[in-house]
Chemist: 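One structure, as structure tokens, below. Some questions next.
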There are 2 protein chains.
Amino acid sequence: MTLVNASSRRKELIRIAARLFVVEGFDRTTVRMMAQEMGIKSGSLFHHFRDKQEILCAVIEEGMHNALALARLALDEASATPGARLDAMVRAHLETLLTDRNAHVVALYEWRRLDNESRSHLVHLRDAYEALWKQVIDEALDAGLIRGDPLSVRRFVLGALNWTVRWYDPEGPRSPESLARELVTMITHNPSAS
Amino acid sequence: MTLVNASSRRKELIRIAARLFVVEGFDRTTVRMMAQEMGIKSGSLFHHFRDKQEILCAVIEEGMHNALALARLALDEASATPGARLDAMVRAHLETLLTDRNAHVVALYEWRRLDNESRSHLVHLRDAYEALWKQVIDEALDAGLIRGDPLSVRRFVLGALNWTVRWYDPEGPRSPESLARELVTMITHNPSAS
DNA sequence: ATGCTAACCAAGCAAGCGCTAGTGTTAATT
DNA sequence: AATTAACACTAGCGCTTGCTTGGTTAGCAT
């Protein structure tokens with residue numbers, strides 16, 4: 001590998017693996033399944049990745065990277081009021097989960113399948129993303145927009161959002177944006193402040 | 001089997017299997033692991049259950065049954081105001097997830113590993129539990145206690161609660177009851193009405 | 001004593017798993 | 001024309017998986 005990375009072929013394989021990990025789960029996805037979807041034989045897979053674990057690691061890295069990038073973009077573009085920033089953050093999170101799809105979902109749902117080495121390689125990405133949420137939630141609390149303990153609120157909000165993966169129907173009537181609006185409506189108490 | 005059921009030995013095996021399914025996940029839990037925890041050999045397991053799938057089915061049935069029973073009890077004991085009923089329901093849900101432990105967690109997190117036959121055998125339990133939630137949430141909405149679309153609110157609330165399994169620390173300072181209070185505080189707008 | 005039954009064990013099978021070794025093949029570089 | 005590197009294939013190894021088979025044991029009612 002030129003730089004262990006960056007190959008466009010590799011990027012495409014990661015996309016395909018991510019889709020399978022979401023549909024079947026990591027454990028149930030075999031290297032033979034992945035190879036078939038990629039149009040190669042199972043042995044050839046190991047030319048691109050050291051082992052199955054490295055594929056998971058690459059998918060999750062991609063997922064966290066996308067989520068972080070989209071969240072930062074959304075916050076930069078949003079106006080400075082706490083309400084607008086909360087709204088932007090919720091929208092960005094649902095976007096990566098429900099439309100960009102797959103990679104971020106794998107990051108959330110297959111995290112515990114990572115071995116210690118991969119985990120410590122990815123944990124700083126996770127922390128950076130959590131830090132964005134902490135900032136936005138704390139602002140909203142300080143502005144009196146939401147009520148509750150900062151840590152609990154953050155966990156509840158993220159839980160509500162992450163669980164959407166289980167029931168959201170992309171063919172259905174609701175868009176990720178409208179869902180974002182629903183959630184913000186549910187938890188905000190002083191709409192005039194937004 | 002006397003009645004395919006009801007053996008106390010079987011009940012105990014289900015408890016042990018549930019614990020393993022939570023810690024390792026269904027796919028990663030092998031029949032040999034279960035047998036070892038139960039103090040028998042792997043072959044003997046199939047005296048009690050037809051196959052691994054039946055164990056999963058039994059665990060989830062137990063989990064849904066417990067959750068349903070506890071929720072009904074909580075609603076019966078709660079006073080009739082929408083706020084009190086919402087509070088009772090949230091508390092009951094967290095109780096089965098975080099203290100009773102295991103079986104209800106498996107029901108939520110391993111549902112998709114059920115085959116079609118098992119699923120159609122369990123789906124009415126799931127529907128009954130969802131119906132309780134629908135009732136309580138709709139009451140709270142009608143009373144002006146919460147804001148939003150009934151279906152979305154129900155899904156968000158359940159998502160926030162179900163995700164607690166991922167981060168809750170039983171050794172930590174927070175009890176399920178205090179968490180329940182936190183969530184209700186976060187989403188209710190008119191505390192005087194409770 | 002005898003028969004019945006629930007509970008268990010020892011041994012192992014067939015299938016599927018992740019992964020490796022060795023060998024082309026193709027296209028760009030020297 | 002020779003070399004190299006990236007990519008793919010064939011074949012299969014060693015291991016684990018869920019599950020089966022055929023038999024043993026202990027308790028209990030007749």
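Here is how names work: the chains are called A, B, and so on, in the same order as the sequence lines, proteins then strands, and each is numbered from 1.
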Chemist: Find the distance A/Asp27:CG to D/dT17:C1' and express it as a whole number of Å.
Modeler: 13 Å
Chemist: Please report, rounded to the nearest Å, how far the C1' atom of D/dC9 is from the CD atom of A/Gln36.
Modeler: 15 Å
Chemist: Taking only side-chain N and O atoms of B/Ser44, does any of them lie within less than 4.0 angstrom of OP1 or OP2 on C/dA7?
Modeler: no
Chemist: Between D/dC19, C/dA7, C/dC19, which nucleotide gets closest to the side-chain atoms of B/His48?
Modeler: C/dA7
Chemist: Both B/Gly39 and B/Ser42 contact DNA chain C. Which one's nearest nucleotide lies toward the 5' end?
Modeler: B/Gly39
Chemist: Has B/Arg126 got its NZ or CZ under 6.0 Å from the middle of the six-membered ring of B/Trp111, at an angle within 45 degrees of the ring axis?
Modeler: yes
Chemist: Roughly how many Å is it from CG in A/Leu45 to P in D/dA8, rounded to a whole number?
Modeler: 10 Å
Chemist: Can you see whether B/Phe46 has B/Lys52 sitting over its ring - NZ or CZ less than 6.0 Å from the centre and within 45° of the normal?
Modeler: no
Chemist: Quiz question: by atom type and distance under 3.5 Å, do the side chains of A/Tyr129 and A/His93 form a donor-acceptor pair?
Modeler: yes
Chemist: Is it true that B/Glu37 and B/Arg19 make a salt bridge, defined as a side-chain N closer than 4.0 Å to a carboxylate O?
Modeler: yes
Chemist: Using whole Å, report how far CZ of B/Arg10 lies from P of C/dC8.
Modeler: 14 Å
Chemist: At less than 4.0 Å, is any side-chain N or O atom of A/His47 found next to OP1 or OP2 of D/dA8? Yes or no.
Modeler: no
Chemist: Does B/Arg32 get its side chain close enough to the base of D/dG18, under 3.5 Å, for a donor-acceptor pair?
Modeler: yes
Chemist: Measure from CZ on A/Phe46 to C1' on D/dT10 and round the result to the nearest Å.
Modeler: 15 Å
Chemist: Rounded to whole Å, please give me the gap between CG in A/Leu13 and C1' in D/dC7.
Modeler: 11 Å
Chemist: Validate the cation-pi geometry between A/Arg166 and B/Tyr109: distance from NZ or CZ to the six-membered ring centre under 6.0 Å, angle to the ring axis within 45°.
Modeler: yes
Chemist: Whole angstrom is fine here: how far is it from NZ in B/Lys41 over to P in C/dA6?
Modeler: 24 Å
Chemist: From C-beta outward on A/Lys52, which listed nucleotide comes closest to its side chain: C/dC19, D/dG18, D/dA8?
Modeler: C/dC19
Chemist: Among C/dC19, C/dC9, D/dT17, which nucleotide has an atom closest to any side-chain atom of B/Thr30?
Modeler: D/dT17
Chemist: Return the value, rounded to whole Å, for the distance between atom CD of A/Glu54 and atom P of C/dT20.
Modeler: 12 Å
Chemist: B/Arg9 side chain N/O closer than 4.0 Å to the phosphate oxygens (OP1, OP2) of C/dC8?
Modeler: yes
